[in-house]
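Comments concern the structure below.
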2 protein chains.
Amino acid sequence: MNNRLKVLRAERSWSQQDLADRLGVSRQSVNAIEKGRYDPSLPLAFTIAEVFGLPIEAIFLRDGETR
Amino acid sequence: MNNRLKVLRAERSWSQQDLADRLGVSRQSVNAIEKGRYDPSLPLAFTIAEVFGLPIEAIFLRDGETR
DNA sequence: GACGAATGTAAAGCAACCTTATCATTATGT
DNA sequence: ACATAATGATAAGGTTGCTTTACATTCGTC
C-alpha cells in the first residue's frame, strides 16, 4: 500500500511528532507507515482519515494505483 | 470496530466460505472478522470493500457509530 | 430424526503492527 | 558554524491478524 501521508502532513506543516500526537501513536509508527515499512491497522487508518478529514481511500492506495 | 459483513453477505446469499474464497483468506478469518473478534488488516479491508463495491467506511464502523 | 451444509470456536504457530529506547543523519534558524 | 528540531533506522518485546487443523453446534431439507 502506498500513502499520501507525507504530502498531507506537509500541507498542514505538521512534523511526524505532531501527527503522532494527534493519532495517539509513536513518532516511529508514523515514520514507518509514511515510509511504507508497514501498513497501519484498520482502526489507525480510520483515525488517520479522521485527522485529515478525508476518506481512507483518499489517503491509502493499493500498490500500482496512481489516482 | 463494528462491520456490516453479515448483512452484505446475506444480501448476496454468500456463505462465509464464498466470501473467504473471493477474498483469498480462510473461512475462519471471515468468521472472526464478522463476529468482531478482530479487525481485518488495511489491505484486507480494501479487498473487502472492492468485493462489495463499497467504500471501506460503508462497511466498517468505529465502535459507537451507528450510521 | 437423519443428513449435509453452514457456522462458531479453539489451539498452535508465523507474520505484521506498534511500543520504548537509542543512535545517526539531515534540515532549519541564528 | 552551532544548536536544535526533524527525520530515518534498528532492536527487543508485546499484541494482533491470519493460517491450518480440528471439533461442536445450528440450520435447512428430506
Side-chain angles (χ1 to χ4, degrees):
Chain A
M1 306 238 22
N2 300 323
N3 69 74
R4 309 207 309 122
L5 252 59
K6 186 162 189 163
V7 194
L8 296 170
R9 204 167 49 74
E11 287 174 359
R12 290 157 181 78
S13 302
W14 292 347
S15 69
Q16 292 182 346
Q17 184 65 64
D18 290 335
L19 178 54
D21 291 343
R22 288 170 200 265
L23 296 174
V25 299
S26 69
R27 179 187 67 82
Q28 287 84 342
S29 288
V30 168
N31 183 268
I33 292 166
E34 191 166 306
K35 301 297 287 183
R37 281 211 297 280
Y38 54 72
D39 299 319
S41 67
L42 185 57
L44 181 50
F46 265 83
T47 306
I48 294 172
E50 183 183 19
V51 160
F52 286 119
L54 291 169
I56 292 180
E57 286 88 345
I59 303 178
F60 298 93
L61 305 171
R62 316 183 82 161
D63 299 311
E65 293 183 11
T66 309
R67 194 156 23 144
Chain B
M1 304 240 17
N2 299 323
N3 69 74
R4 310 206 312 122
L5 251 57
K6 187 161 189 163
V7 195
L8 295 170
R9 203 165 52 74
E11 285 173 0
R12 290 157 181 78
S13 302
W14 291 348
S15 69
Q16 293 182 345
Q17 185 64 64
D18 290 335
L19 178 54
D21 290 345
R22 290 171 199 265
L23 296 174
V25 298
S26 70
R27 177 186 69 80
Q28 286 81 348
S29 289
V30 168
N31 183 269
I33 293 165
E34 191 167 306
K35 301 296 286 184
R37 295 195 302 120
Y38 54 71
D39 300 318
S41 67
L42 185 57
L44 180 51
F46 264 83
T47 306
I48 293 171
E50 183 182 20
V51 160
F52 286 118
L54 292 169
I56 292 179
E57 286 88 346
I59 303 177
F60 297 93
L61 304 172
R62 318 183 82 161
D63 300 310
E65 294 184 10
T66 308
R67 196 156 9 153

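Lettering of chains follows the sequences in order, A, B, ..., and the numbering in each one begins at 1. Keep in mind that the numbers below use all heavy atoms, side chains included, and drop hydrogens, waters and symmetry copies.
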Distance test, side-chain N/O of N31(A) to OP1/OP2 of dT7(D), below 4.0 Å: no
Gap between atoms CG and P, on D21(B) and dA6(C) respectively (whole Å): 11 Å
Rounded interatomic separation in angstrom, taking CG from L5(B) and P from dT7(C): 12 Å
N3(B) CG - dG17(D) P separation (whole Å): 12 Å
Criterion side chain to side chain contact (heavy atoms under 4.5 Å, CB included) on V30(B) and Q17(B), from CA distance to verdict: CA-CA 8 Å; V30(B) 168; Q17(B) 185 64 64; over 6 Å; no
Evaluation steps, side chain to side chain contact (heavy atoms under 4.5 Å, CB included), between L8(A) and E11(A): CA-CA 5 Å; L8(A) 296 170; E11(A) 287 174 359; 3.8 Å; yes
Protein-nucleotide distance (K6(B), atom NZ; dA6(C), atom P), rounded to Å: 14 Å
Distance in angstrom units between R9(B) CZ and dG8(C) C1', rounded: 12 Å
For atom CH2 of W14(A) and atom P of dT7(D), their distance in whole Å: 13 Å
Between dA6(C) (P) and K35(B) (NZ): distance, integer Å: 17 Å
Interatomic spacing from CE in M1(A) to CD1 in I59(A) - rounded to 0.5 Å: 10.5 Å
Between T47(B) and R62(A), a side-chain donor and acceptor under 3.5 Å: yes
Pairwise distance OH(Y38(B)) to CD1(I33(B)) - rounded to 0.5 angstrom: 5.5 Å
Side chain to side chain, S41(B) and D39(A), heavy atoms closer than 4.5 Å: no
Gap between atoms CD and P, on E34(B) and dT9(C) respectively (whole Å): 11 Å
Where protein sits on nucleotides 12-26 of chain C, one letter per nucleotide: B base, S sugar-phosphate only, - none, heavy atoms under 4.0 Å: -----SBBBBB----
